[in-house]
Amino acid sequence: VRVEITADKFFLMDRVHFMASSGDALVFEQGWVNLHLTNLRWDNIGGYALNLKGASDQSLSSFSLDRFTYDHNLDLAVAASGFLLVETGNGPQNVGTVQVSNGRIEVNQPWIGNQAIITIRHTSTGNTRSVGLRVSDITYQDSGSMPSDVLLYRESVESNGSEQFLVQNV
């Protein structure tokens with residue numbers, strides 16, 4: 001599902017199940033302002049379960065994902081990239097805060113790429129954008145054949161940009 005508007009408080013998604021995609025399951029193409037998602041489930045996703053792309057004029061926005069389940073099963077033909085991708089986009093300000101809480105992530109087949117649950121991607125040179133990340137009360141079960149998995153991975157074309165993060169009960 002590609003959302004091609006700036007998602008704000010009236011964009012609601014509750015009790016939605018994403019099943020068997022060959023790419024990213026839910027992509028916010030134009031950024032977000034106050035976006036809060038609850039009770040979502042992902043099964044057999046190739047790509048990321050959730051991809052947040054910061055807009056160039058986005059500043060100090062708020063995103064939360066609460067009460068969710070992600071299950072990456074063995075019967076998937078396309079290997080997934082990870083659970084969450086946050087792309088900061090171009091712009092001078094802080095993108096905002098991303099909060100992920102009260103969920104279960106189960107990985108029964110190894111991910112491809114950096115094998116990170118959450119990837120922060122600074123997408124261009126000269127990018128000084130930052131993002132706040134809060135992860136709390138997450139249960140994670142990984143694949144025994146994926147020994148190098150990590151919670152957070154920073155991907156950047158240079159050393160600019162920053163993250164502030166808080167991890168609790170993971």
S.K.: Taking all heavy atoms of S21 and all of I45, pick out the closest pair and write down the distance.
M.R.: OG-CG2, 3.5 Å
S.K.: In the hydrophobic clustering that connects Ile, Leu, Val, Met, Phe, Trp and Tyr at side-chain heavy-atom distances below 4.5 Å, which members other than L85 occupy its cluster, ordered by chain and number?
M.R.: Y48
S.K.: Mind checking whether M19 and N44 have side chains closer than 4.5 Å, heavy atoms only?
M.R.: yes
S.K.: Within a strict 4.5 Å, meaning less than it, do heavy atoms of the R134 and S64 side chains meet?
M.R.: no
S.K.: Would the F68 and F83 ring centres measure less than 6.0 Å apart?
M.R.: yes
S.K.: Between Q58 and W32 (side chain of the first, backbone of the second, donor and acceptor by atom type, cut-off under 3.5 Å), is there such a pair?
M.R.: yes
S.K.: Indicate yes or no for a side-chain donor-acceptor contact from N94 to the backbone of G96 under 3.5 Å, with no hydrogens or angles considered.
M.R.: yes
S.K.: Side chain to side chain contact (heavy atoms under 4.5 Å, CB included) for L133 and L152? Distances and angles first, verdict last.
M.R.: CA-CA 10 Å; L133 177 65; L152 179 62; 3.7 Å; yes
S.K.: Got a sec, which pairs hit salt bridge (charged side-chain N to carboxylate O under 4.0 Å, His left out) with one end in residues 57-72, sequence neighbours left out?
M.R.: R41-D71
S.K.: Which atom names give the shortest non-hydrogen contact between A49 and A25, and what distance separates them?
M.R.: O-CB, 3.5 Å
S.K.: List in chain and number order the residues that pass salt bridge (Lys or Arg N to Asp or Glu O under 4.0 Å) with E106, two or more places apart in sequence or in another chain; answer none if no residue qualifies.
M.R.: R104
S.K.: Between T97 and S62, is there a side-chain heavy-atom distance shorter than 4.5 Å?
M.R.: no
S.K.: How long is the span from the OG1 atom in T88 to the CD1 atom in I120, to the nearest 0.5 Å?
M.R.: 8.5 Å
S.K.: So how far is it from L151 CG to I138 CD1, rounded to the nearest 0.5 Å?
M.R.: 9.0 Å
S.K.: What pairs with T38 under side chain to side chain donor-acceptor pair (under 3.5 Å), at least two apart in sequence or on another chain?
M.R.: D14
S.K.: Could you tell me whether a side-chain N or O of T6 sits under 3.5 Å from a main-chain N or O of Q30, the two making a donor and an acceptor?
M.R.: yes
S.K.: Linking directly or through intermediates, with side-chain heavy atoms under 4.5 Å: list the remaining ILVMFWY members grouped with I112, chain and number order.
M.R.: none
S.K.: If you look at every heavy atom in D24 and N51, which pair is closest and at what distance?
M.R.: OD2-ND2, 3.0 Å
S.K.: Which pair of heavy atoms, one from A80 and one from Y70, lies closest together, and at what distance?
M.R.: CB-OH, 3.5 Å
S.K.: Less than 6.0 Å separating the ring centroids of F63 and F28?
M.R.: no
S.K.: Measuring from H36:NE2 to L12:CG, what's the distance to the nearest 0.5 Å?
M.R.: 10.5 Å
S.K.: Between L65 and V98, is the side chain to side chain contact (heavy atoms under 4.5 Å, CB included) condition met? List the steps.
M.R.: CA-CA 8 Å; L65 171 64; V98 173; over 6 Å; no
S.K.: Can you list the residues that meet the ring pair (Phe, Tyr, Trp, His ring centres under 6.0 Å) rule with Y153, with sequence neighbours excluded?
M.R.: none
S.K.: Taking side-chain contact (heavy atoms from CB on, under 4.5 Å) as the criterion, tell me which of L50, V135, I105 meets it with L84.
M.R.: L50
